[in-house]
Amino acid sequence: MIAQVIVDVAAYPVDRPFDYAVPDEWQALVEAGCRVKVPFGPRNVLGFITALKEETDVPQGKLKPLSQLLDIEPVLTSEMLQLAQWMTTHTLCFEIDALQVMLPSALRAKYEKTIHLKGPPEDLPAELQSLFGNKTSIPYKKVELAELLKQLKYSIEQGTVLVKTVVKQQGQVKAVRKIKILDDQVRLQQIVADIPARAKKQVMVAEWMVDHPGAIFSPDELCQTLQITTAVLSAVIEKGAAAYIQEEVYRDPFTKDAVKTKPLALTDEQDVALKQILTAMKNEQPTTFLLHGITGSGKTEVYLQAIQTTLEKGKEAIVLVPEISLTPQMSERFRSRFGEQVAVLHSGLSKGEKYDEWRKIQRGEVKVVVGARSAVFAPFTNVGLFILDEEHESTYKQEDSPRYHARDVAIWRSEQHHCSVILGSATPSLESFARAKKNVYTLLTLNKRAMEQALPTVEIIDMREQLKNGNRSMFSEELAEAIRIRLEKKEQMVLFLNRRGFSSFVLCRDCGTVVQCKNCDISMTYHRSQEKLKCHYCGYEEHVPQECPECQSEHIRFFGTGTQKVESEIYKLFPEAKVLRMDVDTTRQKGAHERILDAFGREEADVLLGTQMIAKGLDFPNITLVGVLSADTSLNLPDFRAAERTFQLLTQVSGRAGRHDKPGEVFIQTYTPEHYAIELSKDQYYEPFYVQEMHMRQRFAYPPYYFVVLIQVTHEDVLMAAEYASKAVDWLRMQLSQNVGIIGPTAASISRVQNRYRYQCLIKYKKEPKLTATLQQLIRMYRTDWVKKGVQLTVDLDPSSI
Ligand code: ADP
Ligand code: ZN
Ligand code: ZN
């Protein structure tokens, strides 16, 4: 038998499968999707078996055998192996990158293997007993696997021994020590007879064991129950009446139990939407729905009831949320409805917790996964529904290889499983809404809030007017007044800053120098809690300078507005206010998001102040005011999606107010009130914005009218970066059709990161059959030749920003 293996070496020209011989003793064990180690050049490398076959073109003498088999059960299903191939052509990545991204990092990382036995070591054939001593598991390192497996296989066939797990991830499987009593009463009785009568306690224990064959106990419990010392117990175990075993336990990522909820009686709109979803489900017709529902319209209830039906049909559901660690409320709503059937997968979990959750999914012990982007690869085998909540979020697109979009992967998988995808949003991406308009997706609309609350009233405040009237504070008079009223009425509010961290920069008031990162073309950010300047692009840190690095002036000061600065301003204006701040600084610790939100939910503070991360998912009854301190920041980014992002963000934050009984009020402060993205967010109507933005996209030839590809070339030397970017552009111009737009090369908006200069070029096209092949050839040129000159080139089909 021949195994076709993709090796863990992401380089040209080895980005293809290699053939290896499967040693005889493994023939019964290997399967496609298993991880292996193979000899590759002078090294042994990790790889995945992608197929098994009978024949190979490799000449007999040259064919090398697999050197280690790491899994007895495959870690990747055949669906995943196919998906990896699809990703290779659709994102232009190495197949190994696609395979690796589907697994929890614990399975990708270095591994340490252990061999477990199901039965007691006494049952082993004599040759193996010496290896195991009286242990039921031993480190893999101790033995030659080939030799051992030969014997194990023999033992499996004889039915004397079972291999439980061959691979153990060091530090991943969490196990506790238990005692398992021998499952053989005859032998137990023999042991009782062999114990000298004067060892009364031992006899008592052994006799007790005769009545409990095969039972598993924790040693401490057993000693307590039988009123014996551990010495007595060990003595009996040594005589072979029981054995120590390791029992796997799962780590619990949830810090608290969820309160059970029941399905709600649906509103008419929800009912119409759900019926359409259930009809598609019944017909097993893979359909992509775009559930467009205003904030508070009850999209989540529709998801929950659609999942309920999915589970009743014996199928599984995969729910994606933009970044679950930011929305603990969301995962809680799913756990409240489906309890133990829910697993979560997100960046807030430890490696071990992630691994455990993944195992529960793989073993079919759970039926619903709620997770961030990569949860789209959850290894369910009978998926009945995919859901992407807040489908417009850019976090669904991975920024580095493989540059996949979770939406595309979900749709691909839904076709394999003959099931549907629900894309939900109050502010769909332009691409998705355009597809819904063309009936590529099925549009479902929720226009009313579920509990018939009015949408909040939104007021746009021109900060230029405030300046003219002599108000230099970051709070307009209107917003300050609204805050005062809320503090009096003991209602809560959310203040939103369109930035991250304490986004202050340091500027010399004498010469105008702004302190910049020494590696990147970007100003350093001041972090007050550590009294340091940090670069958000490369992580470089330095102490806050006492004098200007250019002119040595001492008039060096912090500028800009960050959450910490807003916080102190609030305390200055409203000394009685209690503020909770949520930003990158206060949420670095595990579970911090949850703690802050819980405290706010218990009304321990009046104000929740934060950056982007508070825009989503918040649902608290007592929030009646939302203030956006500076709407413009995201508008001024050099990105064709800047207006769309701004509109989405403003709509999302506004939607946090007045979701329950009390009506909500929103103030949006801006220096450009006339911009349509800001003006139209006032009414929270999506369609007028869609129409206006589509005009712009058409006029400037951007998605969804055109597809775009972003090509980036970087080099330590600015001239080399420019030269190779030009080479790429020239070559593309030569290869691609006349009607394809090729823009550039231009310096990237952040022209240097980590000491590498960045140039980019943009391809815009409607239809270009030659595109994939041309880009593959460009990548090949780069991988064979340019890379040797220190050039790095990336190709991003459908970039989330430019
Ligand atoms: P969305 O996700 O669309 O912003 P949510 O699902 O968070 O909206 O729903 C908003 C609020 O309305 C929640 O408190 C939810 O419990 C409630 N809700 C949703 N559907 C119903 C319903 N059919 N009847 C009563 N309350 C509902
Ligand atoms: Zn200076
Ligand atoms: Zn930097």
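For ligands, and for the atoms within them, numbers begin at 1 and follow the listed sequence.
A side-chain donor-acceptor contact under 3.5 Å links E357 to the backbone of V344. A donor-acceptor pair under 3.5 Å is absent between the side-chain atoms of R337 and the main chain of R333, judged by distance alone.
Per-residue contacts place A450 under 4.0 angstrom from the following atoms of ligand 1 (heavy atoms of the residue considered): 12 (O), 18 (N), 19 (C), 20 (N), 21 (C), 27 (C). For ligand 1, the atoms closer than 4.0 angstrom to any heavy atom of T295 are 4 (O). The contact set between ligand 1 and I294, taken as ligand atoms under 4.0 Å from a residue heavy atom, comprises 3 (O). Atoms of ligand 1 found under 4.0 Å from any heavy atom of G298 (numbered from 1 in listed order, with element): 1 (P), 3 (O), 5 (P), 6 (O), 8 (O), 9 (O), 19 (C). Residue T300 has at least one heavy-atom neighbour below 4.0 Å for each of these atoms of ligand 1: 2 (O), 6 (O).
Between E391 and R407 there is a salt bridge, with a side-chain nitrogen of the basic residue lying less than 4.0 Å from a carboxylate oxygen of the acidic one. Taking 4.0 Å as the cut-off between side-chain N and carboxylate O, K437 and E687 count as a salt-bridged pair.
Among R656, Q270, Q305, M451, the residue whose heavy atom lies nearest to atom 26 (N) of ligand 1 is M451. Atom 15 (C) of ligand 1 has its nearest heavy-atom neighbour, among Q652, E301, E390, R333, in R333.
Counting heavy atoms under 4.0 Å from ligand 1, residue A265 touches it through the backbone alone.
Of the N or O atoms in L264, none lie within a sub-3.5 Å distance of an N or O in ligand 1.
At a 4.0 Å cut-off, not a single heavy atom of D389 sits close enough to ligand 1 to count as contact. Distances shorter than 4.0 angstrom do not occur between any heavy atom of R449 and any atom of ligand 1.
No side-chain N or O of T445 forms a donor-acceptor pair with one of H292 less than 3.5 Å apart.
Considering V666, I668, L609, V653 in turn, V653 is the only one that fulfils the side-chain contact (heavy atoms from CB on, under 4.5 Å) rule with F496. Among the candidates V321, V370, I422, L423, the single residue satisfying the side-chain contact (heavy atoms from CB on, under 4.5 Å) test with D389 is V321.
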**Message:** Go through it in stages, so that I can follow the logic: the residues are R752 and E716, the test is salt bridge (charged side-chain N to carboxylate O under 4.0 Å, His left out), and I'd like the CA-CA distance, side-chain angles, deciding distance and then a yes or no.
**Reply:** CA-CA 9 Å; R752 186 176 55 122; E716 283 178 359; over 6 Å; no
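Counting only heavy atoms of the protein, atom 3 (O) of ligand 1 lies nearest to K299 NZ, 2.8 Å. For atom 13 (C) of ligand 1, the closest non-hydrogen atom on the protein side is D619 OD2, 3.4 Å. At the top of the distance list for atom 4 (O) of ligand 1, counting protein heavy atoms only, stands G296 N, 2.7 Å.
One distance of note links CE of M281 with CD of Q276; it measures 13.0 Å at 0.5 Å rounding.
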